[in-house]
Each structure stands twice: as C-alpha cells, then as structure tokens.
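Below, all heavy atoms of this structure are taken into account, side chains as well, without hydrogens, waters or symmetry copies.
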Amino acid sequence: MDPPFHAHGFTGSLAIIFNQGVKENGGIFSQTQGWLILAEALKGHGDRAFTYFMENAPSAQNEDADRRGIEPYAYGQFTEGKRSLNLGRSHVHWLTGTASTVMTGCVEGILGMRPDMHGLLISPSIPGDWDGLTIDKKFRGRHLHIVIENPDHKESGCRECYLNGKKLNTPYLKESELLDENEVRYIM
C-alpha cells in the first residue's frame, strides 16, 4: 500500500497503528511470494518463476544482511517498505508462512514434483538457460533419482519421460510401479 496511512486513518483501520512502511501500513509482505512462484511455474513460465524466487531468497540478499537484520538463511514475514526509516529491514522470521509457501512454489512449481493419492507428476518449469538438473528424492519410502535434461532450453514441457528405462506415456509416476530404487529420465 502506498502511500501508507499517516494522518487520515478511519475507524476500523488497524494499519494506522503501525509506522509508515511497516507491516500492513506499507510494508512488503513475503507470504504470498511462494504462491506467485507456483502460479508462474504452473503457467510454464520458468524464467519468471525463478526470478520471483530469487527476488526474495535470503541467500540472494547476503549483500544486505546487515540491513535485513535477520539471519541470512531465514525468510521474514515482511520487510519494511520505502516510507520506513528502516527500508529493507525484515521481521517475524520464525512466525511466518513465507518459508513454507516458497518451498511449495519451488518443489511443486519450479521442480514440478506434484504428488497425489496414487503417484507423482513430474512437470518442471525452469529457466530456459538451464541445461537441466538432477533431483534425488525420497517418495513414500522409495528413492527417486531424477535427471531432467533440457537440450532445447525450454522453460517447461515434456518431450519424453522414462521410469527405470521404460518410456512412459506421461510424466506421471504411479506409486504401484515404483521400485525401492528408481531412475527417472525426463527430457524437456
């Protein structure tokens, strides 16, 4: 919200109890970041999904660690906005849903691993300049070694998918067909 409330609050306006640029009065909330990452990934926009991830990733803000004021590996609930005297300072790092929503955006969105009752869909949405990636995952007690190849530098889409050498019609791994150790090859 910009400009923040200052002198013109109204009955019922709780934002005015906070300084300008803080929390609901013009602060930058991070809890929705994960859902934005997931939404872009589900639309197949790997470049945008990863950009949104990096914009709020604590590790990408190490140059500003002193200004952020929280641990360099922790997500904050909100960061003080441009109208605050402490622009960039983050707060409420252990009492926020930011980390869990970002994890969902990254795992189910960028990495594209979406479980359901009967198995696991693999549908990554990654930056187009990536050659690929490798994921090792425990899934319902079984080990998955997933190699994602991106020879045409796409952001999303599946050309071929193999489970233990067998070509699949879709990139969906049925739990009933998984072994204790599994090799998955996914070609974008």
Side-chain angles (χ1 to χ4, degrees), residues 28-62 70-77 90 93-188:
I28 304 160
F29 270 79
S30 301
Q31 290 177 300
T32 57
Q33 193 78 16
W35 303 127
L36 180 60
I37 295 165
L38 181 60
E40 290 294 349
L42 291 175
K43 292 195 57 88
H45 303 155
D47 287 329
R48 276 195 227 163
F50 193 71
T51 295
Y52 293 146
F53 166 71
M54 290 303 293
E55 283 179 346
N56 198 37
S59 62
Q61 299 179 48
N62 283 341
I70 62 175
E71 293 90 335
Y73 50 81
Y75 282 94
Q77 177 195 53
S90 296
H93 51 298
W94 296 114
L95 300 173
T96 180
T98 304
S100 60
T101 61
V102 170
M103 186 181 102
T104 299
C106 289
V107 172
E108 294 190 16
I110 294 171
L111 298 179
M113 296 188 294
R114 295 192 284 280
D116 67 15
M117 291 280 293
H118 305 288
L120 179 71
L121 174 67
I122 301 175
S123 183
S125 189
I126 61 174
D129 61 353
W130 287 11
D131 294 325
L133 64 142
T134 302
I135 303 165
D136 281 287
K137 177 172 179 54
K138 277 282 191 194
F139 179 70
R140 299 182 183 158
R142 297 175 177 111
H143 179 253
L144 303 176
H145 179 73
I146 305 167
V147 177
I148 298 171
E149 302 170 18
N150 192 13
D152 298 326
H153 293 274
K154 297 179 179 181
E155 292 181 59
S156 61
C158 180
R159 187 169 68 198
E160 297 176 19
C161 187
Y162 299 85
L163 173 61
N164 298 320
K166 177 185 170 193
K167 187 173 183 178
L168 303 175
N169 292 330
T170 65
Y172 182 78
L173 311 179
K174 293 180 184 174
E175 183 178 4
S176 61
E177 295 178 3
L178 295 177
L179 307 172
D180 288 339
E181 296 288 327
N182 299 275
E183 295 288 329
V184 178
R185 182 175 176 222
Y186 182 104
I187 306 168
M188 295 180 77

- Query: Could you give the distance from CG (Asn182) to NZ (Lys137), rounded to the nearest 0.5 Å?
  - Reply: 13.0 Å
- Item | Leu178 CG to Glu175 CD distance, which is reported to the nearest 0.5 Å | 7.0 Å
- Rounded to the nearest 0.5 Å, the CG atom of Leu42 sits from the CZ atom of Arg114 at a distance of 5.0 Å
- Query: Any sub-3.5 Å donor-acceptor pair from Asn164's side-chain atoms to Glu183's backbone N or O?
  - Reply: yes
- Task: Please name the pair of heavy atoms, one in Pro58 and one in Pro72, separated by the smallest distance, quoted to 0.1 Å.
- Result: CB-O, 3.1 Å
- Message: Could you check whether any side-chain N or O of Gln61 sits under 3.5 Å from a backbone N or O of Asn56, counting only pairs where one atom can act as donor and the other as acceptor?
- Response: yes
- Message: Is the shortest side-chain heavy-atom distance between Met188 and Asp152 below 4.5 Å?
- Response: no
- Verdict with supporting geometry, Leu144 and Ile135, side chain to side chain contact (heavy atoms under 4.5 Å, CB included): CA-CA 8 Å; Leu144 303 176; Ile135 303 165; over 6 Å; no
- Note on the structure: Closest heavy-atom pair, Asp47 versus Glu155, reported as atoms and distance to 0.1 Å, is N-OE1, 2.8 Å
- Message: What I'd like to find out is whether the side chain of Tyr162 reaches to under 4.5 Å of the side chain of Ile187, using heavy atoms alone.
- Response: yes
- Item | Within-4.5 Å side-chain heavy-atom neighbours: Phe50 and Ile126 | no
- How long is the span from the CG atom in Leu121 to the SG atom in Cys158, to the nearest 0.5 Å? 9.0 Å
- Item | Spacing of CZ belonging to Arg185 relative to CG belonging to Leu168, to within rounding of 0.5 Å | 12.5 Å
- Task: Taking all heavy atoms of Met113 and all of Leu120, pick out the closest pair and write down the distance.
- Result: C-CD1, 3.8 Å
- Heavy-atom donor-acceptor pair, Gln33 side chain to Thr101 backbone, under 3.5 Å: no
- Item | Non-hydrogen atoms of Arg140 and Pro115 that approach each other most closely | NH2-CB, 4.1 Å
- What are the two closest heavy atoms between Tyr186 and Ser123, and how far apart are they? OH-CA, 3.9 Å
- Query: Hey, what do you get for CD (Glu177) to NZ (Lys166), rounding to the nearest 0.5 Å?
  - Reply: 5.0 Å
- Asn150 versus Asp131: any side-chain heavy-atom pair under 4.5 Å? no
- Less than 4.5 Å apart, any side-chain heavy atom of Gln31 and any of Gln77? yes
- Tyr75 and Ala57: which non-hydrogen atoms are nearest, and at how many Å? OH-CA, 3.8 Å
- Intermediate values then yes/no, side chain to side chain donor-acceptor pair (under 3.5 Å), His143 and Glu181: CA-CA 5 Å; His143 179 253; Glu181 296 288 327; 3.0 Å; yes
- Does CG in Asp180 sit with more than 12 non-hydrogen atoms of other residues, nucleotides or ligands closer than 6.0 Å? no
- Task: Check for a donor-acceptor pair, side chain of Ser125 on one end and backbone N or O of Ser156 on the other, with a separation under 3.5 Å.
- Result: no
